[in-house]
Amino acid sequence: MSEKVRVRIAPSPSGNLHIGTARTALFNYLFAKKTGGEYVLRIEDTDLERSNEEYKQNIFDSLKALGLNWDEGPDVGGNYGPYKQSERFDIYPKFAQMLIDKGYAYECFCSNEDLDKEHEIAASKKIPYKYSRKCLNLTKEQKDELKAKGIVPSIRFKVEAKELVFNDIVKGELKFDTNLIGDFAIMKSNGTPTYNFAVVVDDMLMKITHVIRGEDHISNTPKQILIYEALGAEIPKFAHLGMILAPDRSKLSKRHGATAVSDFIKQGYLTEALLNFVALLGWSPSDGVEIKNVDEIAADFRLDEISSSNSIFEYEKLNWMNGQYIKKMDISKLTDLALPFLKDYDLNKYSREQLEKIIEVTREPITLLSDLVYDTRYFFEKPVYDEVCELLKTNLSKKVLDKFLSDVDGYDFKNEQDVHDKLAEFRAYFKEKFGFKPKETMWALRAALTGRTKGADMVSIILLLEKDEVIERLKSAKAI
RNA sequence: GCCCCCAUCGUCUAGAGGCCUAGGACAACACCCUUUCACGGUGUAGACAGCGAUUCGAAUUCGCUUGGGGGUACCA
């Protein structure tokens, strides 16, 4: 048990990186970090039909964006490659043949139609389906005859009846009656391995010590253990994680909105927040502090403390957390992330420094980077007065705008403190003379300058807009 | 149908027989702060699925029921 921990994340490139897969990757990563182990990425593309290059790239990009970088994998290499199953197709038949030679597996010549029929019969009799073993005792002559006819066999694992028990790190002791499992295929007739076989061969060859994955794989585990035993390989430790469910408690799928990490990023979620949030689904910090970066989580992480139940993916807390990260993030880094969302605006109107300032003063109330599109609009475009029309028509507003217009020459637009103080005097003046509440005075000004009743603080807006623009907007507002 | 997993506030969770009149976070509500919205602060409301058993004592152990999830492929 002193051997080095080796874990893997093994996605199938038949879709973009799912948020659930990202969580599984995270837990593998955290466990590797915590134990000083190695974390490998293996692409499971044995199903050529469903796999494609675009999805593979999305998986790479998403994992990298999350910062879950792998020690070994298809692109970085390693001592146990190749790390794409489609490049390992010459490996599996050898082990399958070995299993046949040792009597653990046999060739099966049944056609899909034969198999479908067996399923139908079982269904009509209402008994659980199990392969009939029709091909188990074929003689050499019979097999040769079938092969001469051009029928290429698949290879099935011969399942012996016994009670199989293993200890799952998160679920505890799990028991199975292998008598309920039929002889399952390990090699398809097209020469490629089935999932259960490829996983075991690869995990064995790649010296994986801990298999951390979703609990949808629990029922595969006894089959895989049987293969390990037949291969004479050491059986890794297993840890099965609860699933992430949608709010309606069904499997999280496209109809619930975003499911891929790349979708969340497009919506304006920060990868740090995503990772932090997803870590809290099943794991909880020992000190109760929930906002933590990956390194802090890794230091505190324990696989055997993971909750064994499913959890529901609700947006409220993710949104809150995303907002927290946005508020705390380094402003330059945040600006880099925010600018792509604002690409439809004329960003050249402002210097980089001013752009950072715009982000800085509008970041406070937002939960998503995409919220910035609306919240910063008045910095880039003339205000639209539809919403504040009534407000601007009031007597109060007229007075406020008139006075500000006549005062504005006295404002020092290069001096934040000066604008701040003058604005305070401005409010005081209206309060004393007309009894306007400070916030009413500011509403009028805000409405005129931005077309809104809420937004960034007025000092920053005035400074950023600069004198000419302020005067122009005041005049158009007065004309309403 | 059969096999397996799971079950604490609406949600994420703390809790490993007495520390629990069940703690925290998000969301909700109220108040405070304030140049708006917010942020922040302070409070309020809110849960051990049900039934049995073990025990002096159970959210914590066991059984059953119910509910939810997963699997049942030459898909991964």
Side-chain angles (χ1 to χ4, degrees), chain A residues 10-15 44-47 49-51 85 108 110-112 115-116 119 122-123 125-131 152-156 168 170-172 174-177 180-182 184-199 214-222 240 242-243 245 247 249-251 277 280-286 288-291 307-321 323-324 327 362-367 375 420 423-424 426-427 437-443 445-447 450 452-459:
Chain A
S12 168
S14 53
E44 310 223 320
D45 56 351
T46 53
D47 186 346
E49 306 271 307
R50 295 197 211 179
S51 302
Q85 289 184 330
C108 172
C110 291
S111 65
N112 280 329
L115 265 14
D116 287 347
H119 272 101
K125 286 188 188 164
K126 294 194 185 251
I127 54 169
Y129 171 74
K130 231 177 114 176
Y131 174 62
V152 185
S154 63
I155 299 173
R156 282 182 185 275
D168 189 277
V170 343
K171 300 281 184 186
L174 263 23
K175 283 184 195 163
F176 297 87
D177 178 1
L180 268 12
I181 307 171
F184 56 92
I186 56 174
M187 290 296 290
K188 306 176 200 173
S189 53
N190 69 3
T192 64
T194 62
Y195 162 74
N196 280 122
F197 190 55
V199 166
E215 73 172 34
D216 48 338
H217 286 293
I218 288 183
S219 51
N220 286 321
T221 310
H240 288 96
M243 314 256 75
L245 269 24
R249 293 178 187 277
S250 68
K251 207 168 185 171
F277 174 73
L280 258 23
L281 262 27
W283 174 83
S284 65
S286 58
V289 179
E290 295 188 318
I291 300 218
S307 156
S308 59
S309 49
N310 293 342
S311 41
I312 295 173
F313 192 101
E314 291 273 17
Y315 279 84
E316 282 96 358
K317 194 158 182 173
L318 204 215
N319 288 342
W320 165 77
M321 194 167 268
Q324 292 296 311
K327 281 184 249 308
T362 49
R363 89 214 279 200
E364 193 69 27
I366 70 168
T367 59
D375 286 358
H420 180 272
L423 231 34
F426 190 72
R427 287 192 294 271
K437 287 181 192 160
K439 67 164 90 168
E440 291 175 321
T441 305
M442 297 306 266
W443 265 328
L445 208 50
R446 178 181 297 279
T450 70
R452 308 269 175 88
T453 54
K454 48 191 176 183
D457 87 284
M458 288 306 299
V459 176

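Atom set for the values below is all heavy atoms of this structure, side chains included, hydrogens, waters and symmetry mates excluded.
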*asked:* For a quick check, with a 4.0 angstrom heavy-atom cut-off, what is the B/S/- contact string for nucleotides 70-76 of chain B, read 5' to 3'?
replied: SS-SBBB

_What does the B/S/- profile of nucleotides 31-48 of chain B look like, 5' to 3', with a 4.0 Å heavy-atom cutoff to protein?_
----BBBBSS--------

Going by purine N1 to pyrimidine N3 plus the second Watson-Crick contact, or the G-U wobble pair, all under 3.5 Å, which nucleotide sits opposite [N]?
{"N": "B/C2", "answer": "B/G71"}
{"N": "B/U55", "answer": "none"}
{"N": "B/U60", "answer": "none"}
{"N": "B/C26", "answer": "B/G10"}
{"N": "B/U35", "answer": "none"}
{"N": "B/A45", "answer": "none"}
{"N": "B/U21", "answer": "none"}

Rounding to an integer number of angstrom, what distance separates [N] and [M] when you compare their [atom1] atoms?
{"N": "B/A22", "M": "B/U65", "atom1": "C1'", "result": "25 Å"}
{"N": "B/A14", "M": "B/C9", "atom1": "P", "result": "13 Å"}
{"N": "B/C48", "M": "B/U11", "atom1": "P", "result": "12 Å"}
{"N": "B/C20", "M": "B/G57", "atom1": "C1'", "result": "13 Å"}
{"N": "B/G23", "M": "B/A16", "atom1": "P", "result": "14 Å"}
{"N": "B/G52", "M": "B/G70", "atom1": "P", "result": "32 Å"}
{"N": "B/A27", "M": "B/G10", "atom1": "C1'", "result": "8 Å"}
{"N": "B/C12", "M": "B/G17", "atom1": "P", "result": "25 Å"}

*With a 6.0 Å cut-off on ring centres, are A/F277 and A/Y315 close enough?*
no

Sequence neighbours left out, what passes side chain to side chain contact (heavy atoms under 4.5 Å, CB included) with [X]? Give chain and number order.
{"X": "A/D116", "value": "none"}
{"X": "A/K188", "value": "A/N190, A/T192, A/T194"}
{"X": "A/D168", "value": "A/F166, A/V170, A/K171, A/L174, A/F238, A/H240"}

*Nearest-nucleotide comparison on RNA chain B, the residue closer to the 5′ end among A/G288 and A/K126*: A/K126

_First of A/E290 and A/N310 reached from the 5' end of RNA chain B, by closest nucleotide_ = A/E290

*Heavy atoms under 4.0 Å, any strand shown: does A/G282 hit a base, just sugar-phosphate, or nothing?*
sugar-phosphate

Would a 4.5 Å heavy-atom cut-off, applied to side chains only, mark [X] and [Y] as touching?
{"X": "A/F197", "Y": "A/I155", "value": "no"}
{"X": "A/P193", "Y": "A/M187", "value": "yes"}
{"X": "A/L280", "Y": "A/P285", "value": "yes"}
{"X": "A/Y195", "Y": "A/N220", "value": "yes"}
{"X": "A/K251", "Y": "A/M243", "value": "no"}

Whole-Å gap separating [atom2] ([N]) and [atom1] ([X]):
{"X": "A/K317", "N": "B/A28", "atom1": "NZ", "atom2": "P", "answer": "14 Å"}
{"X": "A/I312", "N": "B/G10", "atom1": "CD1", "atom2": "P", "answer": "11 Å"}
{"X": "A/K125", "N": "B/C2", "atom1": "NZ", "atom2": "C1'", "answer": "16 Å"}
{"X": "A/Y315", "N": "B/C12", "atom1": "OH", "atom2": "C1'", "answer": "15 Å"}
{"X": "A/L280", "N": "B/A27", "atom1": "CG", "atom2": "P", "answer": "14 Å"}

*asked:* With rounding to the nearest 0.5 angstrom, report the CD to CG distance, A/E314 to A/L245.
replied: 11.0 Å

*For A/D47, which residues count as a side-chain hydrogen bond (donor to acceptor under 3.5 Å, both in side chains) partner, sequence neighbours excluded?*
A/R50

